[in-house]
Amino acid sequence: MISRLTIVGVIAILVISALVFFRETGGAGLLPGCIFRKLTGIECPGCGMTRATYAALHGNFAQAFWFNPVGVIILPLALFALGLELIGWVRGRPLPFRLNLNRWTGIGLATLVIGWGVIRNLI
Amino acid sequence: MKTYSMSGWFYSKDGQQLGPVSREQLETEVQSGNISQESLIWKEGQADWLSFSKVMGDTAAVSSAPAQSAAAPYNPAVAPVSQTPVAIPSYLWQAITVTVLCCWPFGIVAIVNAAKVNGLIASNQLDAAREASEKAKKWSIITLLVGLVVVCGYIAIVATSGVFDGLQ
């Protein structure tokens, strides 16, 4: 049986390789961009994250921020929260410290992401 | 919900996590003052770490019949765990991550369901909460897969023929 650590390790190597390739080549014209926006002209809550990631990988954090202000703040937070869950999953029991969302912070965060998707098309 | 009556309790002490120990050992640790009533403890099947007093307080209510604990020492410990109110994951972080990264409207469905979970737990509608949790998980996976298929498919097409170069 493949251990959980192996699964996480393989995925981590793939992701890091992809990020290094992306940092050096800008995706080499291989990334489609947002299909949803191409089809509808509407920006979704995640639009701009490819450009923001590219800017952040080159240390241009201010530039990254303005490509998608909400995404640039929430994504690292979400990845941190998922990282804690992942560590708990690998070792078979959760960490005592987790980013748990109660009822209202959960609804607030969901409203922020969806609301951002609406508002960015109006301004 | 899955419970493993054979696995022991883990407890935290001075920032370290120790265990697994049996329930009796855990109670001895508390009685001897090694850990306090408020120390966090956890065992397999429990969604999150809870204080000793919270877990055992629930247990006391269930196992107050003395004959029961004598006949089946592990059963009282298992029963309150299944009543632990935090056992249903909301998947909200997962839903938000795939929405922001995969750039796909299905992610919104996942977020809406994920946001409902903790509210439903709070109002004790556990079946509805479980259903919303499952939906949030399902739509997060769909969003992730659609995103991966679109990106990988696009890369495959561009890399092999270059017919879509004009669109970039």
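Here is the naming used below: chain letters follow the sequence lines, and residue numbers restart at 1 for every chain. The shown structure was predicted, so the numbers you read here are calculated from the model rather than taken from an experiment.
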Could you name the residues of residues 58-74 of chain A that have a heavy atom within less than 4.5 Å of a heavy atom in chain B? A/Gly71, A/Ile74
Chain B-proximal positions within residues 79-88 of chain A [heavy-atom distance under 4.5 Å]: A/Leu79, A/Ala81, A/Leu82
Validation row: B/Asn118, A/Thr105 side chains within 4.5 angstrom (heavy atoms): no
Would you mind reporting whether B/Ile108 and A/Pro45 have side-chain heavy atoms less than 4.5 Å apart? yes
Segment of B/Ile155 engaging chain A (4.5 angstrom heavy-atom cut-off): both
Indicate, with yes or no, if [Y] and [X] share a hydrophobic cluster defined by side-chain heavy-atom contacts under 4.5 Å among Ile, Leu, Val, Met, Phe, Trp and Tyr.
{"X": "B/Ile141", "Y": "A/Leu14", "answer": "no"}
{"X": "A/Val15", "Y": "A/Val90", "answer": "yes"}
{"X": "B/Phe10", "Y": "B/Leu18", "answer": "no"}
{"X": "A/Ile107", "Y": "B/Tyr91", "answer": "no"}
{"X": "A/Leu39", "Y": "B/Ile142", "answer": "yes"}

Highest number of heavy-atom pairs under 4.5 Å with chain B among A/Gly106, A/Ala110, A/Gly108, A/Ala78 belongs to A/Ala78
Under a 4.5 Å heavy-atom cutoff, which of A/Leu95, A/Thr50, A/Thr53 has the most pairs with chain B? A/Leu95
Residue, of B/Gly147, B/Ala115, B/Ser12, that accumulates the most heavy atom pairs under 4.5 Å with chain A: B/Ala115
Who wins among B/Leu40, B/Val117, B/Val151 for the most heavy-atom pairs under 4.5 Å with chain A? B/Val151
Find the distance between CG (A/Leu109) and CG (B/Leu92) and round it off to the nearest 0.5 Å. 5.5 Å
Start with the C-alpha gap between A/Ile114 and B/Val112, add the side-chain angles, then the distance that decides, and say whether side-chain contact (heavy atoms from CB on, under 4.5 Å) holds. CA-CA 9 Å; A/Ile114 297 170; B/Val112 169; 3.9 Å; yes
Which bit of A/Leu75 is near chain B, if near means a heavy-atom gap under 4.5 Å: side chain, backbone, both or neither? side chain
Specify the closest pair of heavy atoms between A/Leu99 and B/Trp93, including all atoms of both residues, with the distance to one decimal. O-NE1, 3.0 Å
